[in-house]
Number of protein chains: 2
Amino acid sequence: MDLHRLRYFVAVAEARSVGKAAERLRMAQPPLSVQIRKLEAEVGAPLFHRGTRGMDLTEAGQALLVRAGEALALAADGIEAARAVAAGRRGRISVGYMFVLANAVLPRLIPELRRSIPGVDLDFVDLSASTREARLLDRGVTVALCMPAIHHPEIQVARIGAQRFMLAMPNRSPLARIGAVPMARLQGRPLVALPPPERDPASSAVAALLRRHQIVMPIASRVETAHSAMSLVLAGEGFAILPACAKLGAPRGIVFRPLRDAADSIDIAVCWRRDSQSPLIPKFLKCAEKVVARL
Amino acid sequence: MDLHRLRYFVAVAEARSVGKAAERLRMAQPPLSVQIRKLEAEVGAPLFHRGTRGMDLTEAGQALLVRAGEALALAADGIEAARAVAAGRRGRISVGYMFVLANAVLPRLIPELRRSIPGVDLDFVDLSASTREARLLDRGVTVALCMPAIHHPEIQVARIGAQRFMLAMPNRSPLARIGAVPMARLQGRPLVALPPPERDPASSAVAALLRRHQIVMPIASRVETAHSAMSLVLAGEGFAILPACAKLGAPRGIVFRPLRDAADSIDIAVCWRRDSQSPLIPKFLKCAEKVVARL
DNA sequence: GTCAACCCATACGTCTTCGGTATGCCTATG
DNA sequence: CATAGGCATACCGAAGACGTATGGGTTGAC
């Protein structure tokens with residue numbers, strides 16, 4: 001059956017007259033009459049009582065009218081919903097983020113998103129350095145807030161900010177009494193490290209920093225996340241070199257100190273699949289930029 | 001928008017390929033491809049990602065798919081519902097009945113209807129002699145169980161049975177000791193009468209019966225229904241001449257006796273609007289005949 | 001009682017649109 | 001580099017929809 005016919009049927013049922021309905025539909029009366037009869041032929045039963053004063057629904061017609069009206073509304077709603085999703089007025093965006101950024105960014109980012117893209121369902125997924133690439137590629141997340149950026153031919157990157165590396169240590173450590181720690185003071189001290197560069201690019205930035213200053217820090221432990229690193233630091237296992245924003249998630253007893261002669265930083269970036277053309281991505285990017293700019 | 005296109009869209013979305021969907025729809029691939037592009041033009045946004053391995057819904061497409069599927073199902077359901085109503089497999093029938101018949105007929109009629117036309121909603125409305133005609137004509141009820149039949153050019157009648165007139169009296173009445181009361185014994189006794197013939201045809205049957213036997217019964221009271229009549233009879237106001245079936249609704253203390261030399265009866269009939277072509281009417285009629293035959 | 005008005009149904013010509021066939025383009029694969 | 005698989009484009013024939021003209025039946029007024 002044809003939605004066109006159903007629309008005509010509804011119009012005639014509402015107007016209780018072929019002529020009136022034709023007028024409302026801006027068409028001639030005869031073709032409308034024909035369409036109604038075709039619909040009746042398809043159903044196999046009369047849908048209207050033909051009186052001398054117009055048309056009146058039969059019970060079969062009433063049964064059809066209810067559903068036809070709903071079907072029309074649903075179809076129209078479907079088209080409109082598709083347009084809304086395409087325009088980014090509705091939809092769903094799944095946001096991946098690395099846990100180090102959570103405390104610094106999410107509390108400001110979430111309200112910003114709700115204000116900027118109301119009607120869009122938000123999903124937040126925390127990513128580890130090793131899974132974030134896969135989650136983007138398999139569309140587990142639409143965008144990812146990364147530190148540092150992902151490099152992959154399928155993935156588009158927008159750098160939205162950077163974080164200075166800082167030294168994290170227990171507040172009882174002697175170095176904690178210095179305002180900014182000279183790099184030389186790190187020589188030979190134990191390091192609580194993140195996964196090796198092939199699994200976490202942050203590590204290679206740290207390694208490059210140390211290499212450039214000819215510092216060797218023996219690796220006391222390797223952990224998966226900045227938070228685990230801070231736990232071990234608090235336990236006295238060693239020092240950690242972490243982006244400044246990690247401070248916001250640090251447990252009591254940890255202090256962060258800048259490195260005096262190292263301006264090294266690690267990028268904060270928004271990453272997404274190059275072929276993902278969701279109109280929500282530019283909007284998300286704008287929000288993220290705004291929030292990160294105020295860090 | 002056209003339901004045809006939505007159907008094609010759903011097929012392609014499910015097959016995740018234009019070619020496969022075309023095969024399933026038993027049509028060639030190119031026209032299907034064209035229809036999908038037309039739908040996309042109508043929406044104003046792509047609904048599929050074209051990959052080298054087939055088609056994949058965009059988010060806008062997913063939003064449309066859900067509603068399109070429901071719209072299709074609703075439209076199909078609407079057609080089917082109209083067919084079912086036309087065939088009498090579903091629908092609603094509003095049954096009017098006169099209260100005298102209620103106790104005798106309804107307890108058997110209702111289960112019979114539920115068995116015979118399951119899926120049909122039943123509505124029961126009690127009618128008085130004066131309103132039954134109007135209720136049929138204004139479609140307040142689809143059919144009416146009447147006693148006696150209605151005579152009206154717009155109303156079709158099927159006689160399904162008859163009820164002998166009987167004499168109703170208090171059990172303490174001297175006539176109650178007789179098995180069958182001779183008509184002559186009614187001479188001069190007070191009558192509890194129903195509304196006059198112009199409002200209730202049953203009265204004219206009673207009047208005819210009395211006239212034929214040259215009996216005069218002064219009218220003690222006029223009441224609207226057989227039940228009211230029985231109340232007054234119990235109170236000693238007089239006698240009532242009622243159809244046998246009224247006995248089933250009689251209060252304790254009322255007895256019914258046949259009239260020895262009068263075989264007069266009053267018809268039980270099913271009545272409906274001549275232009276009402278509900279397929280449920282013949283089915284209802286069959287049930288009513290079956291039930292009344294066993295009275 | 002007849003005539004006009006109203007409303008739906010039918011007939012026919014025109015035009016839109018749909019579906020089929022043939023073919024091209026792109027990409028992945030061996 | 002050649003082949004295969006998949007979607008897009010071009011063109012043609014056929015079906016269906018719309019418009020105009022007209023018929024038939026009923027209501028209501030003069």
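Letters go in sequence order (proteins before strands), and every chain restarts at 1.
To the nearest angstrom, P of dA8(D) lies 14 Å from NE2 of H49(B). At whole-Å resolution of the value, CD in E23(B) and C1' in dG6(D) are 13 Å apart. Atom CD in E40(B) sits about 11 Å away from atom P in dT9(D), given to the nearest Å. Look at CZ on F48(A): it is 16 Å from P on dC7(C), rounded to the nearest Å. Counting to the nearest Å, the P atom of dG20(C) and the CG atom of L25(B) are 10 Å from each other.
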Between side-chain atoms of residues 27-38 of chain A and protein atoms elsewhere (two or more places apart, or another chain), which donor-acceptor pairs fall under 3.5 Å?
from	atom 1	to	atom 2	distance (Å)
Q35(A)	OE1	R5(A)	NE	2.8

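Taking 4.0 Å as the cut-off between side-chain N and carboxylate O, R92(B) and E59(A) do not count as a salt-bridged pair. Between E40(A) and R50(A), at least one side-chain N (NZ, or NE/NH1/NH2) sits under 4.0 Å from a carboxylate O, which counts as a salt bridge.
Residues satisfying the side-chain contact (heavy atoms from CB on, under 4.5 Å) criterion with R135(B), sequence neighbours excluded, are L127(B), T131(B), D138(B), V141(B). The side chain to side chain donor-acceptor pair (under 3.5 Å) check on D267(B) picks up R159(B), with sequence neighbours excluded. Evaluation of the side chain to side chain donor-acceptor pair (under 3.5 Å) rule for E224(A) yields R199(A) as partners, not counting sequence neighbours. Legend: residues meeting side chain to side chain donor-acceptor pair (under 3.5 Å) with R89(B), ordered by chain and number and at least two apart, are E80(B). With sequence neighbours excluded, the residues that form a side-chain contact (heavy atoms from CB on, under 4.5 Å) with P201(B) are R132(B), P148(B).
Between S33(A) and dA9(C), a side-chain N or O to OP1/OP2 separation shorter than 4.0 Å is present. Under 4.0 angstrom from either OP1 or OP2 of dA9(C) there lies at least one side-chain N or O belonging to R50(A).
Identified under the ring-ring contact (aromatic ring centres under 6.0 Å, His included) test for residues 23-47 of chain A, with sequence neighbours left out: none. Applying the ring-ring contact (aromatic ring centres under 6.0 Å, His included) definition to pairs two or more places apart or across chains, none involves residues 269-288 of chain A. Applying the ring-ring contact (aromatic ring centres under 6.0 Å, His included) definition to pairs two or more places apart or across chains, those involving residues 6-43 of chain B are H4(B)-Y8(B), F9(B)-F48(B).
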When you compare the protein's N or O atoms with those of nucleotides 12-16 of chain C, which come within less than 3.5 Å of each other, and at what distance?
none

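For the segment residues 11-22 of chain A, no residue has any heavy atom less than 4.0 angstrom from an atom of DNA chain D.
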Open item on the list: Protein within reach of the bases, or only the backbone? For nucleotides 17-27 of chain D, mark each nucleotide 5' to 3' as B, S or -, using heavy atoms under 4.0 Å.
Closed with: SBBBB----SS
